[in-house]
Amino acid sequence: MSLRLACRRLGHPRTTWPHASTPARTLVTLPRPVVSSPRLFRAGLVAAGVLTTSLVLGSVWPLHADAPVAEAEKASERPQKPLSSLVRSYVVYSMCSVPALVDWAPAILKTLTAIPGFKQITEAIVRATFFNHFVGGDTAEDCIPLLEQLRAEGKGCLFAYSVEVDEAEAAGSSKERATAAKETVRQIFEETLHCIDVAANFEDIHASSADSVKGRKTWVAIKLTAMVPCPETLHNFSKYLVATRPTSSPAILFPGQPHPSDLDVLTLSRASKEALSQEDVADLAQLCDDLRAICTKAKERGVKIIMDAEYSWYQPAVDAFLLSLQREFNALPRRSSWFGKPPTQVTIQPVIYQTYQAYLRRTPEYLKQSIAVARAEGYALGAKLVRGAYHPHELAAHASSAASSLEGFGDASGLGISPDPEPPVWITKAETDVCYDACAALLLDEVRKDVKREVPSVAVLFGTHNWKSVDGILEGMARRGLARREGGVLEVTEEVAERVAMGQLYGMSDALSDSIVERTHCSSPFLLKYIPYGALSEVMPYLSRRAIENKSVLGNGAAAEERKRAGELIWKRLSG
């Protein structure tokens with residue numbers, strides 16, 4: 001799902017620091033439509049021309065707003081954004097408002113960057129627009145000025161090293177590709193460890209006291225498909241789990257529910273040769289070791305880890321690793337025995353958050369079972385609740401779906417592994433909205449029960465760009481006594497702030513983010529912005545792919561609304 005954000009503001013100098021970061025790369029790029037180079041070349045020139053013209057005109061000529069200035073920036077203490085930043089927003093969302101251009105973005109960028117002379121021009125345009133709007137910087141340290149700016153605005157950060165590699169572009173033999181992929185994974189692993197240190201060092205500077213583990217709102221997000229040389233390994237493991245995993249009671253719809261025995265295949269001498277090769281098992285075992293090392297570092301440094309969701313055909317494997325990690329690293333301290341033995345020392349809890357996608361049919365029952373299992377086994381449940389970003393592709397990939405091809409993603413047939421006759425996702429957005437709000441209410445109920453505990457046993461990050469859902473969550477907190485109204489502002493106690501947070505992608509829904517900050521007050525940031533980063537050449541696939549995936553956020557007129565809002569602010573600024 002899902003969406004990403006972070007960015008260097010145009011007009012703000014970027015400081016160069018030693019390299020660092022956190023990986024969230026997807027090592028698989030789904031097939032794209034095959035189109036002749038001349039056609040792509042012409043489309044690319046048109047796109048570049050439109051973009052360049054918009055930038056030039058936007059810098060010297062008033063942009064007319066598409067709507068009255070009713071939604072314009074309110075007079076407040078918040079510093080005004082630079083005009084260049086507003087113009088960039090207008091240009092970016094103007095292009096995102098053209099569905100055909102969004103669908104063809106991956107192919108256009110791939111073609112233009114392969115043409116000598118045009119590569120530099122294309123990258124310069126992308127850096128001045130989409131990169132600077134949605135990405136925090138080339139390295140984790142590059143993002144520090146942005147982190148400081150967000151913290152001054154009362155916002156936290158969720159880091160994500162958003163590097164992707166297109167396997168089809170790897171040159172040489174299969175052995176050479178495999179070697180290069182393994183080296184990239186090792187680099188990403190080291191980058192993740194370093195990113196945790198960068199996040200922890202930032203929080204150490206802003207900590208209220210030297211030994212405080214509360215109020216640390218710089219977290220790190222990782223993506224499991226970025227942590228293996230080939231995502232097909234997770235696909236194979238998911239198929240193996242679907243075929244061999246014990247049935248839960250009550251039954252959970254696909255992708256099912258993880259079981260403590262899921263990872264036994266990594267240590268047993270026998271493995272199903274039909275589903276898993278020796279190389280698969282070796283890569284999965286290495287992934288297990290890497291994840292434990294990452295989580296160990298995170299727990300030591302007081303940094304929370306958010307595990308991003310994946311396509312449903314990877315999710316059984318993702319769930320298996322997450323269950324194992326939560327049981328180990330989210331284990332709650334044991335109560336002191338009558339012998340007087342002190343409880344286990346706690347740094348921060350929960351350390352590991354799992355992403356629950358509301359568009360999956362399984363989510364309501366799966367969330368209930370996750371809460372029950374965590375309570376029974378004595379570990380904290382960390383939940384990130386989102387709607388989900390892959391809906392069209394999930395429908396196209398399902399075996400029973402009539403659609404085998406999806407514009408912008410190419411051939412999707414054969415990817416789905418669900419044994420159920422119905423697709424794993426709800427058919428309509430309305431169903432997803434109902435599911436999201438119901439799950440949000442369930443999680444708030446659990447937080448209300450938990451808030452008196454010294455150490456959180458349940459915590460949630462609500463990821464949403466939906467105003468109605470945000471209103472419902474804030475009102476739900478007030479109704480349950482998790483916040484009290486003081487002059488129109490919700491006062492959130494430290495205990496609740498350690499268990500509840502909200503988030504949006506950086507570069508998107510800034511009006512909603514600002515509204516949340518203005519409507520709440522607590523000792524630490526209640527709102528986190530998701531900030532991807534990485535070198536321009538490395539995040540180009542990310543930027544183009546996310547444009548397609550984020551149709552769930554930018555669609556239904558959302559991109560047009562963002563453009564209108566930017567236009568209103570520009571018009572207001574230029575007209576005085």
Side-chain angles (χ1 to χ4, degrees), residues 213-214 219 245-253 255-263 295 298-299 304-307 309 315-316 318-337 341-358 360 362-386 435-463 473 476-477 479-482 493-501:
V213 298
K214 296 182 177 180
W219 302 353
R245 181 181 279 165
T247 303
S248 61
S249 180
I252 306 293
L253 295 173
Q257 182 178 18
H259 191 272
S261 65
D262 282 349
L263 299 185
C295 294
K299 188 165 188 174
K304 297 190 176 188
I305 298 293
I306 309 296
M307 202 72 69
Q315 202 60 47
V318 173
D319 293 342
F321 284 105
L322 274 166
L323 176 61
S324 177
L325 293 171
Q326 289 195 93
R327 294 176 76 198
E328 179 177 0
F329 293 95
N330 288 4
L332 294 169
R334 301 181 185 277
R335 293 183 179 179
S336 302
S337 69
K341 184 178 180 180
T344 305
Q345 183 180 1
V346 176
T347 55
I348 190 170
Q349 282 294 0
V351 178
I352 314 299
Y353 280 63
Q354 177 174 358
T355 299
Y356 292 83
Q357 298 164 294
L360 289 177
R362 75 158 181 176
T363 298
E365 186 60 39
Y366 178 47
L367 183 56
K368 292 178 185 177
Q369 290 300 313
S370 297
I371 294 170
V373 171
R375 185 182 298 118
E377 297 196 13
Y379 64 84
L381 178 72
K384 175 188 174 188
L385 182 64
V386 300
C435 182
Y436 186 95
D437 293 339
C439 290
L442 172 63
L443 287 166
L444 288 177
D445 286 339
E446 293 300 319
V447 170
R448 180 182 58 80
K449 299 173 188 175
D450 187 69
V451 75
K452 296 301 181 183
R453 293 176 60 102
E454 183 177 355
V455 179
S457 65
V458 60
V460 57
L461 171 64
F462 293 107
I473 291 167
M477 291 176 62
R479 248 190 348 262
R480 292 169 176 82
L482 296 174
T493 65
E494 183 180 75
E495 291 74 22
V496 174
E498 286 300 301
R499 292 167 170 82
V500 181

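- Counting heavy atoms from C-beta on, the side chains of Pro364 and Cys435 come closer than 4.5 Å.
- Contact check for Pro456 versus Asp450: side-chain heavy atoms found under the 4.5 Å cut-off.
- When each of Gln369, Gln357, Gln315 is checked for a side-chain contact (heavy atoms from CB on, under 4.5 Å) with Arg362, only Gln315 meets the rule.
- Heavy atoms only, all atoms of each residue included: Ala380 and Gln349 are closest at CB-OE1, 4.0 Å.
- Remark: side-chain polar atoms of Arg448 are not paired, donor with acceptor, to backbone N or O of Leu444 under 3.5 angstrom.
- Side-chain atoms of Leu461 and Trp219, non-hydrogen and from C-beta on, do get closer than 4.5 Å to each other.
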**OP:** Using the side chain to side chain contact (heavy atoms under 4.5 Å, CB included) rule, take Arg453 and Glu495 through it: C-alpha gap first, then chi angles, then the decisive distance, then the call.
**Re:** CA-CA 9 Å; Arg453 293 176 60 102; Glu495 291 74 22; over 6 Å; no
Original post:
Going through the distances and angles, do Arg499 and Glu446 end up as a salt bridge (charged side-chain N to carboxylate O under 4.0 Å, His left out)?
Top reply: CA-CA 10 Å; Arg499 292 167 170 82; Glu446 293 300 319; over 6 Å; no
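- The nearest pair of heavy atoms linking Ala459 to Tyr353 is CB-OH, 3.1 Å.
- Considering OH of Tyr366 and CG of Leu360, their distance stands at 10.0 Å, rounded to 0.5 Å.
- Considering only heavy atoms from C-beta on, Thr355 stays 4.5 Å or farther from Met307 through its side chain.
- No side-chain heavy atom of Asp319 sits under 4.5 Å from any side-chain heavy atom of Gln257.
- Residues Pro350 and Leu381 approach most closely at CG-O, 3.7 Å, considering heavy atoms.
- Side-chain atoms of Asn330 come within 3.5 Å of backbone atoms of Val351 as a donor-acceptor pair (strictly under, hydrogens ignored).
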Subject >> Stepwise side chain to side chain contact (heavy atoms under 4.5 Å, CB included) test for Ile352 and Ile306 >> reply: CA-CA 6 Å; Ile352 314 299; Ile306 309 296; over 6 Å; no
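- In this structure, Lys384 and Val460 have side chains that are not in contact, with every pair of non-hydrogen atoms separated by 4.5 Å or more.
- Atom CD1 of Ile252 and atom OG1 of Thr247 lie 11.0 Å apart (nearest 0.5 Å).
- A side-chain N or O of Tyr356 and one of Ser370 form a donor-acceptor pair less than 3.5 Å apart.
- When every heavy atom of Ala298 is checked against every heavy atom of Ile305, the shortest pair comes out as CB-CG1, 3.6 Å.
- The two residues Tyr379 and Leu323 make their nearest non-hydrogen contact at OH-CD1, 3.5 Å.
- Here the side chains of Phe329 and Ser324 are not in contact, with every heavy-atom distance at 4.5 Å or above.
- The nearest pair of heavy atoms linking Pro255 to Arg245 is O-NH1, 3.6 Å.
- Contact of the Glu365 side chain with the Pro250 side chain is registered, since non-hydrogen atoms from C-beta on lie closer than 4.5 Å.
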